[in-house]
**Student:** 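Shown below is the structure under consideration.
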Amino acid sequence: YFEDAYVGRSILDAKSMMDTLTISLGRDKNIVIGREKVAEFSKRRAIGSNIIETRGFNIIVRNKKSQSLKLTVFDQLPVSVVSDIVISPIELANARHEEKTGKLIWELTIDAQQQKDISLKYEVKYPRKEKILLE
């Protein structure tokens, strides 16, 4: 049971229990998260023998609950294994950025019935001869 509603049944393995037990309760319909591409920031331009593509996204987190909540939001920047391709963050909205994996982590506290917008923008520079897929 979660918030006075039956969410499901699970079997717990007592042999593998530690001092902490992580249980998924499924999706909470009172927390809404969306990720929208910002069309006016998503551009492609050529400079010399390179192409520079910029991408922008808005991540919208809405708390429809009657109490505030703490939430961790994860996203990721592209990661290049080719030295000719350079990914540069432009705006990460105070995210913790792990450069090796590209992982972005936001720790948010959202008041009841409130919404937070996170802006994510980055730039990818690569040689004209390369073919890349950013979406």
**Student:** Should Leu77 and Leu92 be marked as a side chain to side chain contact (heavy atoms under 4.5 Å, CB included) after you check the CA-CA gap, both sets of side-chain angles, and the distance that decides it?
**Tutor:** CA-CA 10 Å; Leu77 289 180; Leu92 301 180; 4.2 Å; yes
**Student:** Between the side chains of Glu123 and Arg45, is the shortest nitrogen-to-carboxylate-oxygen separation below 4.0 Å, so that they form an ion pair?
**Tutor:**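 The answer is yes: the pair qualifies as a salt bridge.
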**Student:** Of all heavy-atom pairs between Lys64 and Gln113, which one has the smallest distance, and what is that distance?
**Tutor:**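 So the minimum-distance heavy-atom pair works out to O-NE2, 2.8 Å.
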**Student:** Could you tell me whether the side chain of Asp84 and the main chain of Pro127 form a donor-acceptor pair under 3.5 Å?
**Tutor:**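 Not at all, since once roles are kept as given, no pair shorter than 3.5 Å links the two residues.
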**Student:** Quick one: does Trp106's side chain have a donor or acceptor within less than 3.5 Å of a partner on Ala93's backbone?
**Tutor:**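 Here the side-chain-to-backbone pair exists.
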**Student:** With rounding to the nearest 0.5 angstrom, report the CD1 to CD1 distance, Ile85 to Ile87.
**Tutor:**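 Ile85 atom CD1 to Ile87 atom CD1 measures 7.0 Å (nearest 0.5 Å).
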**Student:** Does Arg128 reach the main-chain N or O of Gly48 with its side chain, forming a donor-acceptor pair under 3.5 Å?
**Tutor:**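 It does hold such a pair.
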**Student:** Which atoms form the tightest heavy-atom contact between Gly56 and Ser42, and what is the distance?
**Tutor:**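 Here Gly56 and Ser42 meet closest at N-OG, 3.7 Å.
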**Student:** Just so I know, are the side chains of Glu98 and Leu104 near enough to count as touching, which here means a heavy-atom distance under 4.5 Å?
**Tutor:**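 No. Closest side-chain heavy atoms not under 4.5 Å.
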**Student:** Any chain of hydrophobic side-chain contacts (each under 4.5 Å) joining Leu120 to Leu108?
**Tutor:**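 Linked, Leu120 and Leu108 end up in one cluster.
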**Student:** Between the side chains of Glu53 and Tyr126, does any donor sit under 3.5 Å from an acceptor?
**Tutor:**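 Present: a donor and an acceptor within the cut-off.
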**Student:** Around Gln67, counting heavy atoms of other residues, nucleotides and ligands shown, do more than 12 lie under 6.0 Å from its CD?
**Tutor:**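 Result for CD/Gln67: enclosed.
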**Student:** Can you tell me if Thr54 uses its side chain to pair, donor with acceptor, with the backbone of Phe41 under 3.5 Å?
**Tutor:**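 Yes, the answer is positive, given that a donor and an acceptor are paired below the 3.5 Å cut-off.
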**Student:** Determine whether the side chains of Gln115 and Asp117 contain a donor N or O and an acceptor N or O closer than 3.5 Å.
**Tutor:**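 Judged by distance alone, the side chains do pair up.
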**Student:** Within 45° of the axis and under 6.0 Å from the centre of the six-membered ring of Phe57, does NZ or CZ of Lys121 qualify?
**Tutor:**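 Ring-cation test returns no.
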**Student:** Are more than 12 heavy atoms from other residues, nucleotides or ligands located less than 6.0 Å from atom NZ of Lys65?
**Tutor:**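 Counting other residues, nucleotides and ligands, NZ of Lys65 exceeds 12 neighbours.
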**Student:** As a quick check of understanding, evaluate side chain to side chain contact (heavy atoms under 4.5 Å, CB included) for Ile33 and Ile60, giving each step before the final call.
**Tutor:** CA-CA 6 Å; Ile33 300 176; Ile60 298 144; over 6 Å; no
**Student:** Atom CG of Asp75 and atom CD1 of Ile105: how far apart are they, to the nearest 0.5 Å?
**Tutor:**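 If I round to the nearest 0.5 Å, the distance is 11.0 Å.
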**Student:** Can Glu107 and Thr72 be counted as having a side-chain donor-acceptor contact under 3.5 angstrom?
**Tutor:**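 Yes.
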**Student:** Quick one, Ile52 with Val124, criterion side chain to side chain contact (heavy atoms under 4.5 Å, CB included). Give me CA distance, side-chain angles, the key distance, then yes/no.
**Tutor:** CA-CA 6 Å; Ile52 297 176; Val124 180; over 6 Å; no
**Student:** So, do Arg44 and Ile51 sit near enough that their side-chain heavy atoms are less than 4.5 Å apart?
**Tutor:**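 Counting from C-beta outward, Arg44 and Ile51 do come under 4.5 Å.
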**Student:** Rounded to the nearest 0.5 Å, what's the gap from CZ on Arg62 to CD on Gln114? Could you check?
**Tutor:**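 Result: 11.0 Å between the selected atoms.
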**Student:** Drop me the distance from Asn94's CG to Ser119's OG, to the nearest 0.5 angstrom.
**Tutor:**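 Reported to 0.5 Å precision, the distance equals 11.0 Å.
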**Student:** Considering non-hydrogen atoms only, spot the tightest contact between Asn63 and Ile110 and give its length.
**Tutor:**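 Taking Asn63 first and Ile110 second, the nearest heavy atoms are ND2-O, 3.2 Å.
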**Student:** Answer yes or no: is there a donor N or O on one side and an acceptor on the other, between the side chain of Glu36 and the main chain of Asn58, under 3.5 Å?
**Tutor:**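 Not at all, since once roles are kept as given, no pair shorter than 3.5 Å links the two residues.
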**Student:** How long is the gap from CD1 on Ile118 to CD on Glu91, to the nearest 0.5 Å?
**Tutor:**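 Here the rounded value is 11.0 Å.
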**Student:** Which atom pair, heavy atoms only, marks the closest approach of Val79 to Thr101?
**Tutor:**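 Heavy atoms of Val79 and Thr101 come nearest at CG2-O, 3.1 Å.
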